[in-house]
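To start, the structure itself, in structure tokens.
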Number of protein chains: 2
Amino acid sequence: MNNFTLTLLGTASAMPVGDRNQSAQVLQVRERLFLIDCGEGTQGQMVRLGIPMMKLDAIFLSHIHGDHVFGLFGLLSTIGMKGRQAPLYIYAPANFGPVLKFFLSYYGEGIPFEIHFVPLKMKAPETVFDGKALEVLAFPLNHGIETFGFLFREKEPMWNVRKEAIAQYGFTLTEIGAIKRGEDVVRPDGVIPNAEVAYKPYVPRSFAYCSDTAPFPEEAEWVRGVDLLYHEATYLAEYADQAEARHHTTTLQAAALARDAGAGRLVVAHFSSRCRDASRYEEECRSVFPETCAGKDGDVFEIGK
Amino acid sequence: MNNFTLTLLGTASAMPVGDRNQSAQVLQVRERLFLIDCGEGTQGQMVRLGIPMMKLDAIFLSHIHGDHVFGLFGLLSTIGMKGRQAPLYIYAPANFGPVLKFFLSYYGEGIPFEIHFVPLKMKAPETVFDGKALEVLAFPLNHGIETFGFLFREKEPMWNVRKEAIAQYGFTLTEIGAIKRGEDVVRPDGVIPNAEVAYKPYVPRSFAYCSDTAPFPEEAEWVRGVDLLYHEATYLAEYADQAEARHHTTTLQAAALARDAGAGRLVVAHFSSRCRDASRYEEECRSVFPETCAGKDGDVFEIGK
């Protein structure tokens, strides 16, 4: 089984604290490496955690708040200096366009690779990345400023033909093609059911990233059945008023969402600097959704194991 | 004696390495706190090292290269969020003006305090900060792009009158004023020499910051007699060609400068990511100027002790 792994680089909210950097995560899906948000210090965290920043396939930015993007300039400069040639796609809200454009006008000389900026403007989930085995959907969040969540999901694989069945039935190439598409093999002497000779090589895995946002009605539907849900839980339940005023989510709300969406597991972070005891966040979430982990910088989650 | 203390926040050169952040230093001079350069991760380092970022009096930026300035946006955002009200002076090359202006146009809403940008354009040392007991001079460096060094020096103090002399001679207020200005006291019955009744409360201390730069003829003169000299030494002596091509300094050149300028001590940093063994930098420098220290993140230097 190939990797489908989430690594947390930064789990602080807007205010940095000693052992928590600002928001950034790396998702590895097989041979692909995606960076999701890029708070200040992201490149340093990648160095410390041994994540090859030169191999990033794309960058997804949820919104333009500094604690989610101020690490981008340094990261682009560094991989430029190190000689990256491959084009880099950056998916971000449309209002990040001028920021990137200004940065490139001042610092672009040191960046020898092409940057393709993909402005996000959708009002409902849309596929923004469509690979052979993986697709990424972006969807709007509810943060009082243009903000987007991302759903990374593997595509349903073709059927594989069991080796012993090939030996037993001596399938032709045409028959093998039919089996891979999920069809039965029809021969003059009878039908060989697909289920008897084929299997799915893997169950598609999925990960969703929701930060920053207040809860909103469509959210559970848009991340339904996800294996691992990352959701901000900036506030403990007692600060629900502040969470609402600042378009953020409480522990209990994040956990209720994971439960309602039928998520496999929940990781929460983006904790307010007011409370340094992450176990309190975890405890409150687990009262509603037991499969919750309060993330910390450097945590690695294997998805779909 | 009040503090005159340098703290290194970041000692890497352009490429970040695990235990070295990008360029930033904090200089405390008595009750004042100055930030010199502001590479990515500066605010996190201030949090980790217990330096009160809300109390910064001014920020000095040597040049616009990202590894010296990309931490500024996050720092300004954070102290804005924490409610700083006091105006903040930022001294930087004139070409940083548009960067700051763009940043404020996009992110200024969260910054409730006034920012006074002081563009540096001088061709020779000029006083840019003139306090009661301290002045700061800026002077051009030689880095192939507008770059400035900074000299922080205490002013010559007034003379203090010895307590026992006051008791002995019963000085009038007018006489005390004269003594403080360094004058002798002239009485009908004779002259009381200043040196007999007065002393200087402290010897003025000084610190100079030179990064990034290749050596240049006026440099030793401009930092002459400084107590502590911070100078970049990006390259070991064997890479003198690269140092020259990239407008940087080698170990031996930095040490020769400290010697020629009659500096008290030398701190070198901004080491190339190529060589992780800082003791090699230190060793090479010490062969020319024994009072050299290869800086590392978190180092604190008391100046003028």
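So you know, we letter chains A, B, ... as the sequences are listed, proteins then strands, and number each from 1.
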Who wins among Thr78(B), Thr42(B), Val99(B), Val47(B) for the most heavy-atom pairs under 4.5 Å with chain A?
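Of Thr78(B), Thr42(B), Val99(B), Val47(B), Val99(B) has the most heavy-atom pairs under 4.5 Å with chain A.
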
Interface residue of largest heavy-atom contact number with chain A, from Asn21(B), Asp67(B), Ile64(B), Asp19(B), under 4.5 Å:
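Looking at each option in turn, the highest pair count goes to Ile64(B).
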
Atom pair CD (Gln43(A)) and CE (Met15(B)), whose distance is rounded to the nearest 0.5 Å
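Rounded to the nearest 0.5 Å, the CD-CE separation comes out at 9.5 Å.
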
Nearest 0.5 Å please: distance from the OG atom of Ser273(A) over to the NZ atom of Lys82(B).
6.5 Å

Tyr89(B) atom OH, over 12 foreign heavy atoms within 6.0 Å:
no

Does atom CD of Glu244(A) have more than 12 heavy-atom neighbours from other groups under 6.0 Å away?
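No, the 6.0 Å shell around CD holds no more than 12 heavy atoms from other groups.
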
Check: Glu40(B) main-chain N/O paired with Glu40(A) side-chain donor or acceptor under 3.5 Å:
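No, the answer is negative, given that no donor and acceptor are paired below the 3.5 Å cut-off.
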
Structural part of Gln22(A) lying under 4.5 Å from a heavy atom of chain B
side chain

Toward chain B, the part of Val17(A) with a non-hydrogen atom under 4.5 Å:
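For Val17(A), backbone heavy atoms alone lie under 4.5 Å from chain B.
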
Can you list the residues that meet the side chain to side chain donor-acceptor pair (under 3.5 Å) rule with Glu283(A), with sequence neighbours excluded?
none

Please confirm whether Tyr107(B) and Phe70(A) have ring centers closer than 6.0 angstrom.
yes

For chain B, the option from Gly110(A), Gly41(A), Ser105(A) that forms the most heavy-atom pairs under 4.5 Å
Gly41(A)

Qualifying residues under ring pair (Phe, Tyr, Trp, His ring centres under 6.0 Å), relative to Phe102(A), sequence neighbours excluded:
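Only Tyr106(A), Phe102(B) meet the ring pair (Phe, Tyr, Trp, His ring centres under 6.0 Å) criterion with Phe102(A).
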
